[in-house]
Protein chains: 2
Amino acid sequence: MKDARPCSIAGTLALVGEKYSLLVLREVSLGARRFDQLVRNTGAPRDVLATRLKRLVDAGVLEKVAYSDRPRRFEYRPTRAGLDLEPVLLTLMAWGDRHLNAGDRPMVLEHSGDHELVPVVTCAECGEEVAHDDVTAHPRAAGWTVTGPTAA
Amino acid sequence: MKDARPCSIAGTLALVGEKYSLLVLREVSLGARRFDQLVRNTGAPRDVLATRLKRLVDAGVLEKVAYSDRPRRFEYRPTRAGLDLEPVLLTLMAWGDRHLNAGDRPMVLEHSGDHELVPVVTCAECGEEVAHDDVTAHPRAAGWTVTGPTAA
DNA sequence: CTTGGCAAGTTTGAAAACCAAACCCACCAT
DNA sequence: ATGGTGGGTTTGGTTTTCAAACTTGCCAAG
């Protein structure tokens, strides 16, 4: 997925935006780490899963660890970079819960063992929840002329 | 993208996870709202863009508004549901900034006009930043046997 | 009144990705 | 030997993607 602009959103999507990649990350975060589990739980065709796993390992998001020699077998674990993608999964889930499955969520998350996790994006500087109107974009790289009448 | 499990992450990705959809959302959020602008700024082929836009409008994420009759021309605006996807864009961008472009970010966001926006996912219940180890999953729907030795 | 240009798509034909099913390999248990 | 398991790779057919060319409706200039 090449983008016309230099952009971290596009860059991240180029890595994990292909079909099934984020579902693999979900599974691996939840503890399902073997090839056949990933096939079952994501629904990905085996060959597609194989290429995704290669890509994610190359990108340093997962690591392939042998859990048995003779027969040699592997599992896939999230690296630090992989765990750092959890916020993406949480915001995707929050949106789906609100706009797709409002009323009966397929899964509920518990936070610190004593309350429900309600994910919100806030600003680490001021602690406030981020609202659309409070954000202004400042391009630093070339290629960012926002050609629009309603440019933000 | 059909998933083997009922899941809000998979559901959301089924809607906005196809190639270019989130880049379209980025552009529309930034103010670029016409067809040709979206072609230029996302790099999507025209026909792909046309199908993505139809899908996003059908899903209620964008709305198609005529800005001129005779010649009839349209722009695409984010709905509430569309703006609610901004947290996803912010977390994707944050990850890319940290793991892809560390050091020279292509774009910086300003918050409330007086400081840099540093997006973090927190829990609305307790206000704490969400760390991987503090989260436990509680499936509510069928299809969620986490078949793993290391199940979380 | 014909030519040119712009915006928003649609059409076309070839290349790439996806898919399900079958296959392969190493090993272990029966 | 036979069957089962885990982790893939191969095969062949369907679906998407792609870039480029084309279409439609309108206005402006020559």
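FYI, side chains are in, hydrogens and waters are out, and symmetry mates aren't considered; it's all heavy atoms of this structure. Naming convention: chains lettered A, B, ... in sequence-line order (proteins, then strands); numbering from 1 in each chain.
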Gap between atoms CG and P, on B/L49 and C/dG9 respectively (whole Å):
9 Å
Considering only C/dC19, D/dG7, C/dG9, which nucleotide approaches the side chain of B/K64 most closely?
C/dG9
Could you give the CZ-to-P distance, from A/F74 to D/dG6, as a whole number of Å?
15 Å
A/R46 side chain: which of D/dG8, D/dT11, C/dA8 is closest?
D/dG8
A/L62 CG - D/dG7 C1' separation (whole Å)
16 Å
A/Y76 and side-chain contact (heavy atoms from CB on, under 4.5 Å): which partner among A/V57, A/L25, A/V24, A/L56?
A/V57
Using the rule that Ile, Leu, Val, Met, Phe, Trp and Tyr join whenever any side-chain heavy atoms are under 4.5 Å apart, tell me whether B/W144 and A/V39 fall into a single cluster.
yes
I need the NZ-C1' distance between B/K54 and C/dA8, as an integer number of Å.
11 Å
Whole Å only: how far is the OH atom of B/Y67 from the P atom of D/dC26?
14 Å
So if I take every side-chain heavy atom of B/R73 and compare against D/dG25, D/dG8, C/dC18, which nucleotide ends up nearest?
D/dG25
As a test of reading the structure: which of C/dG9, D/dC18, D/dT9 is closest to the side chain of B/F35, going by heavy atoms?
C/dG9
Treating B/T122 as the side-chain partner and B/E128 as the backbone partner, does any N or O pair qualify as donor plus acceptor under 3.5 Å?
no
Given D/dT17, C/dG9, D/dG6, identify the nucleotide with an atom nearest to the side chain of B/A50.
C/dG9
Tell me the interatomic distance from B/D36, atom CG, to C/dC6, atom P, rounded to whole angstroms.
10 Å
From C/dC19, C/dG9, C/dT11, pick the nucleotide closest to the side chain of A/K19?
C/dC19
Charged N-O contact under 4.0 Å between A/D58 and A/K54
no
Round to a whole Å and report the spacing from CZ of B/R40 to C1' of C/dA8.
12 Å
According to a strict under-4.0 Å criterion, is B/R52 in side-chain N/O contact with OP1 or OP2 of D/dT17?
yes
Report the C-alpha separation of A/H99 and B/L15 in whole Å, then their side-chain angles, then the decisive distance to 0.1 Å, and conclude whether the side-chain contact (heavy atoms from CB on, under 4.5 Å) test is met.
CA-CA 11 Å; A/H99 294 281; B/L15 223 56; over 6 Å; no
In this structure, how many angstroms lie between the P atom of D/dT17 and the CD atom of A/E18, rounded?
12 Å
Between C/dC18 and A/D47, counting only base atoms on the nucleotide and side-chain atoms on the residue, is there a donor-acceptor pair under 3.5 Å?
no
When you measure from the side-chain N and O atoms of A/Y20 to the phosphate of C/dA17, is any distance below 4.0 Å, counting only OP1 and OP2?
no
By nearest atom, which of the nucleotides C/dC27, C/dT11, D/dG6 is closest to the A/P71 side chain?
C/dC27
Which nucleotide in C/dC19, D/dC18, C/dA7 has an atom nearest any side-chain atom of A/V48
C/dC19
